[in-house]
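Everything below concerns the one structure shown next.
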2 protein chains.
Amino acid sequence: MVDEKTGNWLSQLKSSGYKLTGPRYCVVDILAHSERALTAAEIFNIAHRQYPTLGLVSVYRTLEKLEALSLIQRVHREENCHAYISAPTGHEHLLVCRSCGRVSFFEGDDLKNLVDRVELKSGYLVQEHWLQLIGLCGECRQGGVEAFSR
Amino acid sequence: MVDEKTGNWLSQLKSSGYKLTGPRYCVVDILAHSERALTAAEIFNIAHRQYPTLGLVSVYRTLEKLEALSLIQRVHREENCHAYISAPTGHEHLLVCRSCGRVSFFEGDDLKNLVDRVELKSGYLVQEHWLQLIGLCGECRQGGVEAFSR
DNA sequence: GTGATTGCAAAGCGTTTGCACCGTA
DNA sequence: TACGGTGCAAACGCTTTGCAATCAC
């Protein structure tokens, strides 16, 4: 019983020449459905419950492949950049909740003017932009929820 | 013979209760004048030449203090976030050259509309934004300069 | 059957900590 | 003189690598 997103990721792995295995399935499924950015250790902790023989190493190796296929992307926070979230399908940017760690996406295409202006002024050729908003999600705003604990 | 920016940073360290020492001076001076974001190891390598007894540990400890005083800030690149650059004075964002690693700053205050729209749509309260442009600086555009080597 | 994938253990690497000595104020 | 700063060495935590056993295809 594989859901759509997990199934899609698995087929992409398969058609890239990788085999479909238990550990791989487990990690893919967790990442495909997480609302929060997860570190390798966090993924391991969750996956370990459903797949007790899983090794942390397999988590790293699967992350590597998923990142290469652009199915996941790194989330940068003030202090580190070792957490991953399912990559957006189109051209979207991250919106990260500082309290619970939840990640959402938003469209953000009107940077064009800004980019044009910066190019003119700086002489740079801008190839890529990275925009990330940080704040509190709807739930955490209301709830006065305690900071997400690591 | 201490130049203005270095001198300013040193006074800020001093007035925060820290002592002014050789190793500290050395690291401060390098960071205050680097056009590129530098990692602890890179700073150590440079500083070591002018101050042979310097230990890598002192670099880390100085970075810590400079970051706490907001005199430097981390620069995030695709793969890591362990390099530091002199922090901008006002509200500015980073423009990083992918080829030579040079960092420039630009003003970027017209995100207000975008932020308002995202808040409305997502229900988040946006507290902070992070914008970074990545591309090629004027020199690297023309020169076909080889990628900056690590 | 074959070659990729696995988990383990060990290695590797960057960063932090404990400590005795040293230098600034 | 007092106490923060120093470098060294060791500890630490996260990630990668070497390897023999295992498993998908």
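Note that this is a predicted model, so its numbers are computed, not measured.
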For B/D116, enumerate each residue passing the side-chain contact (heavy atoms from CB on, under 4.5 Å) test, keeping only those at least two apart in sequence or located in another chain. B/K112, B/E119
Test side-chain contact (heavy atoms from CB on, under 4.5 Å) applied to A/T89 - qualifying residues, sequence neighbours left out: none
How would you list, by chain and number, every residue that makes a side chain to side chain donor-acceptor pair (under 3.5 Å) with A/E128, sequence neighbours excluded? B/R98
Who clusters with A/I134? Use side-chain heavy atoms, under 4.5 angstrom, across I, L, V, M, F, W and Y, and order the result by chain and number. B/W130
Protein-nucleotide distance (B/K14, atom NZ; C/dG23, atom C1'), rounded to Å: 14 Å
Report the distance from atom CD of B/E64 to atom P of C/dG14, rounded to the nearest whole Å. 19 Å
If an axis is fit to five pairs at each end of the helix from C/dG1-D/dC25 to C/dA25-D/dT1, what is the angle between the two, to the nearest 10°? 40°
Can you tabulate the close N/O pairs, meaning under 3.5 Å, that link protein atoms to atoms of nucleotides 3-5 of chain D?
residue : atom : partner : partner atom : Å
D/dC3   : O2   : B/K19   : NZ           : 3.3
D/dG5   : OP1  : B/R24   : NH1          : 2.7
D/dG5   : OP1  : B/R24   : NH2          : 3.4

In whole angstroms, the gap separating P of D/dC14 from CD1 of A/I43 amounts to 14 Å
Whole-Å distance between C/dA25 P and B/L13 CG? 11 Å
Contact residues, residues 48-56 of chain A to DNA chain C [heavy atom, < 4.0 Å]: A/T53, A/L54, A/G55
Atom CG of B/L20 to atom C1' of D/dT6: distance rounded to whole Å? 15 Å
I want to confirm an ordering. Mapping B/V59 and A/A41 to their closest nucleotides on DNA chain D, which one lands closer to the 5' end? B/V59
Give a yes/no verdict on a cation-pi contact between B/K121 and A/F106, requiring under 6.0 Å between NZ or CZ and the six-membered ring centre and an angle within 45° of the axis. no
Could you state the atom-to-atom distance from CG of A/N45 to P of D/dG13 in whole Å? 15 Å
Hey, what do you get for CD1 (A/I72) to CD1 (A/I43), rounding to the nearest 0.5 Å? 6.5 Å
Holding to side-chain contact (heavy atoms from CB on, under 4.5 Å), I want the full list of residues that pass it with A/H33, two or more places apart in sequence or in another chain. A/D3, A/K5, A/T6, A/D29
Apart from A/V57 itself, members of its ILVMFWY cluster (side-chain separation under 4.5 Å) are none
Check the distance between C/dT6's C1' and A/Y25's OH and give it to me in whole angstrom. 19 Å
Tracing side-chain contacts under 4.5 Å among Ile, Leu, Val, Met, Phe, Trp and Tyr outward from A/L136 reaches B/L125
Contacts of A/T53 meeting side-chain contact (heavy atoms from CB on, under 4.5 Å) (sequence neighbours excluded), chain-then-number -> A/Y51
Considering residues at least two apart in sequence or located in another chain, which fulfil the side chain to side chain donor-acceptor pair (under 3.5 Å) criterion with B/R102? B/E35
Gap between atoms CG and C1', on B/L63 and C/dG14 respectively (whole Å): 13 Å
